[in-house]
Amino acid sequence: MIYGDKKTGVLVQGATGKQGEFHIGLMNAYAKQVGGRGVVAGVTPGKGGQQVHGVPVYNTVKDAMKEHDIGAAVIFVPAGAAADAIMEEANAGIETIVCITEHIPVQDTMKAIAYARMEGASVIGPNCPGLLSPGEVKMGIMPSALFTRGHVGVISRSGTLTYEVVDELTRAGIGQSTVVGIGGDPVIGQTFVDVMQRFEKDPETKAVVLIGEVGGNLEEEGATCTDLPIVSYIAGVSAPPDKRMGHAGAIVEGGEGDAKSKIARLKKHGVPVASRVSEIPEMVRDLFRCGC
Amino acid sequence: MKLREYEAKNVIKAAGIPVPAGFLIKSPDELTPHLAALGDAFVLKAQVDVGGRGKAGGILMADKATGTKVAQELFGKQIKGLPVKEVLAEQKLDIKHEYYLSITVDRSSKQPLILFTEAGGVEIEITAKEHPELIRKVVANPLMKDLPPFLIRELLSTAPKEIGPVINKLYQVFIGKDALLAEINPLVATPNGIFAADAKIIVDDNALGRQGITVNRDLSEREREAEKHGFSYVELDGRIGVIGNGAGLTMATLDLIEYYGGKAANFLDVGGGAESERVKNAVRLVASVPSVKVIVVNLLGGITKCDEVAKGIIAAEIPQKVIVRLAGTNEAEGRRLLSEKGYEMLDTMDLVVKKAVEVTA
């Protein structure tokens, strides 16, 4: 597993908000199903002493850490408070921090990620659906019903597009080791490279599906830093330049980061690229068939 | 959002970076009182929200005698289809050397990236391709308020030391104004010192509120309307309307339309957890575009419930054909509601897109 397993205790920051409460329920339903620890503590400043779905809420992350063994945190707080939440968790010693929150100004994200790096924490997101290791742990908002355990890792900048791919894989009988949504912002903590390096060391992962989109060139960096077999898909072939396609990071700027040149570079490095999402399962099968 | 040149120059001037003496005018007549201050030769620059305005005729040279006439000419122009409503009249600089300086967000290092070259005056993209060794780059730790002097020395190398403070001041602008890009191109040496001859600042759309910017000028009217509803929306020029949930899935739907030979009219991401009212608004918004002949709805329910989506589609009551793909949470109920009303539903995104392309062919 990468980032966590059944034994990982999860903290939710923004536990008493609508989103936080809803997803604590779903995360713990999944934990119960797979026999994991799930969400063990919540944090909302000023709401210490309350409970959400039976999970105790604390005023600060440090208060929660005194009472529980916590390895990961999931953030559901509003954009203006999310960078602070990342830093509070990193400072308290949490190793993996998943930030679901969208619309955080990039300057705040850069500071929070630099701070987390200094404290030795890994940030997934922001603006991401989190991660799910089927049969082990769910940290975030992915719909667990679509997932099945297996040996294909998935890394994606997207949310629902990831679910679409996972659904296609599951229907084709191809299980997943861990699925990570790294986020749709221009600056994110764990990039394709970081997650790929974890998959390399993960005995459960034999191949990787890499789902990218327009903007930047981090897909290429991720695909070329590993010996693991990869199938990729890049969204935004039809995206016009200088327009943000929903994600803050999905933009072709100064003639850079367009899908066609990304695809060309990936192919040049021998990485197969699917033209349609529905082609992915067959291409993954081909990877295993040729044993490469 | 991209600031106009005069706005960007006001920002960097306030930060202490020298800019040429200049005046914003809104009609040719407004030039007259500034003629004395502008000197013998000056430049008139159209303030329009498009790139490449120089080549499109948006920058004209003038002098005391011709000034008003040239201003009339410029105000009468359309630059890449946009009328000229504002002109920056600026003193002409006696340029001895041109430099390039920019600060951007580096996705790879997750830090501000500062680029400087002494080989200015050429398009930076061309220098980057042909002489990458001439561009000096450093990344800055975003937790530090000032650039440390050693980084500035690395950037400058043999360039004049008086550029150093300009670099640090531009860094303050980059941080303080929530910029995604702060660029001075060219930064010029003149007998009177260093000046920013042009300036470009792009402000993070997620920080417009705290920067006191109320209207995002980069968006069209319909795009702004969509933003009010909380949708991500981009106008395109085809005939197939598209509604999806999630940016990636919606983009993939547009790509599929292109793959099957069709053209999308828009990108609309309705967002996560959309209820029927939101879906109704989304469908109506897309249907209000005159060129839209058919609408593809591609929804993968997770937090979003398919029955809510179905109710929203039905409530929108639009004249165009709607082709729907629903999967996930409460799928059966959503399908039942739509089939009762006779909507066309198909099982996969490939099938709905293919159908829509056929309908518009």
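Throughout, protein chains are lettered first and strands after them, A, B, ... in sequence-line order, and every chain is numbered starting at 1.
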### Query
With a 4.5 angstrom heavy-atom cut-off, which part of F231(B) approaches chain A: side chain, backbone, both or neither?
neither
#### Entry: Contacting region of T160(A) [heavy-atom separation from chain B under 4.5 Å]
both
### Which atoms of Q111(B) approach chain A - backbone, side chain, both or neither, heavy atom under 4.5 Å
both
### Message
Is L26(A) in contact with chain B via its backbone, its side chain, both, or neither, using a 4.5 Å heavy-atom distance?
### Response
neither
### Query
Is E223(B) salt-bridged to K243(A), cutoff N-O under 4.0 Å?
yes
### Task
Against chain B, work out which of G249(A), S275(A), A112(A) has the most heavy-atom pairs shorter than 4.5 Å and name it.
G249(A)
### Donor-acceptor contact below 3.5 Å, side chain Q107(A) vs main chain A179(B)
yes
### Message
Looking at E256(A), I want to see if its CD is surrounded by more than 12 non-hydrogen atoms of other residues, nucleotides or ligands under 6.0 Å.
### Response
no
### Query
Taking all non-hydrogen atoms of both residues, which atom of G248(B) and which atom of A235(A) are closest, and how far apart?
O-CB, 4.2 Å
#### Entry: Check: M251(B) and V214(A) side chains under 4.5 Å, non-hydrogen atoms
yes
#### Entry: Distance, nearest 0.5 Å, that separates NZ of K110(B) from OG1 of T109(A)
12.0 Å
#### Entry: From CG (N216(B)) to CZ (R244(A)), nearest 0.5 Å
9.0 Å
### Message
Within residues 17-25 of chain A, which residues come under 4.5 Å of chain B, heavy atom to heavy atom?
### Response
F22(A), H23(A)
### Task
Answer with side chain, backbone, both or neither: which region of M142(A) has an atom nearer than 4.5 Å to a non-hydrogen atom of chain B?
neither
### Query
For L256(B), is it the side chain, the backbone, both or neither that has a heavy atom under 4.5 Å from a heavy atom of chain A?
side chain
#### Entry: Proximal component of N127(A), with respect to chain B [non-hydrogen, under 4.5 Å]
neither
### Query
Heavy-atom distance under 4.5 Å to chain B: side chain of I104(A), backbone, both or neither?
backbone
### Query
Looking only at heavy atoms, what is the nearest atom pair of D255(B) and Y233(A), with distance?
OD2-OH, 4.0 Å
### Query
For T250(B), is it the side chain, the backbone, both, or neither that has a heavy atom closer than 4.5 Å to a heavy atom of chain A?
neither
#### Entry: Which portion of N141(B) sits near chain A, non-hydrogen atoms under 4.5 angstrom
side chain
### Task
Could you tell me which portion of N245(B) (side chain, backbone, both or neither) has an atom closer than 4.5 angstrom to a non-hydrogen atom of chain A?
both
### Query
Picking from G209(B), G302(B), A252(B), which has the most non-hydrogen pairs under 4.5 angstrom with chain A?
A252(B)
### Query
Counting heavy-atom pairs under 4.5 Å to chain B, which of P240(A), P186(A), S278(A) comes out on top?
P186(A)
### Task
Kindly check if the number of other-residue, nucleotide or ligand heavy atoms within 6.0 Å of CZ (R210(B)) is above 12?
yes
### Check ion pair D242(A)-K2(B) (N to O, under 4.0 angstrom)
no
### Task
Pick one of side chain, backbone, both or neither for D178(B), based on which atoms fall under 4.5 Å of a heavy atom in chain A.
both
### Query
Do S158(A) and L249(B) have side-chain heavy atoms sitting under 4.5 Å apart?
no
### Summary
d(D205(B) CG, H103(A) NE2) to nearest 0.5 Å is 10.0 Å
### Query
Stepwise, does the side chain to side chain contact (heavy atoms under 4.5 Å, CB included) test hold for V106(A) with N206(B)?
CA-CA 8 Å; V106(A) 172; N206(B) 284 334; 6.0 Å; no
### Task
Can you measure from CD (E253(A)) to CG (L180(B)) and round to the nearest 0.5 angstrom?
7.0 Å
### Task
Evaluate the side-chain proximity of L254(B) to M245(A): yes if any heavy-atom separation is below 4.5 Å, no if none is.
yes
### Query
Among A250(A), S144(A), P129(A), G189(A), which residue forms the greatest number of heavy-atom pairs with chain B at distances under 4.5 Å?
G189(A)
## Note on the structure
The reported gap from CG in D106(B) to CE in M110(A) (rounded to nearest 0.5 angstrom) is 9.5 Å
### Message
Does any backbone or side-chain atom of E213(A) lie under 4.5 Å from a heavy atom of chain B? Answer side chain, backbone, both or neither.
### Response
side chain
### Query
Top residue by heavy-atom pair count (under 4.5 Å) with chain B, among A259(A), G216(A), G80(A)?
G216(A)
### Task
Could you check L218(A) against S108(B) for side chain to side chain contact (heavy atoms under 4.5 Å, CB included), going step by step and ending with a plain yes or no?
CA-CA 7 Å; L218(A) 300 185; S108(B) 184; 3.9 Å; yes
### Query
Nearest 0.5 Å, what's the OG1-CD distance between T253(B) and E164(A)?
8.0 Å
### Query
With a 4.5 angstrom heavy-atom cut-off, which part of L181(B) approaches chain A: side chain, backbone, both or neither?
neither
### Task
For residues K111(A) and L143(B), report the shortest heavy-atom separation together with the two atoms involved.
O-CD2, 3.5 Å
#### Entry: Heavy-atom pairs under 4.5 Å with chain A, option from P112(B), S232(B), P142(B), G246(B) with the top count
P142(B)
### Message
For G246(A), is there any backbone N or O sitting under 3.5 Å from a side-chain donor or acceptor partner on D269(B)?
### Response
no
### Task
Can you tell which part of P143(A) gets under 4.5 Å to a heavy atom of chain B, answering side chain, backbone, both or neither?
side chain
### Message
With a 3.5 Å distance limit and no angle check, can you tell me whether R107(B) reaches the backbone of D185(A) through a side-chain donor-acceptor pair?
### Response
no
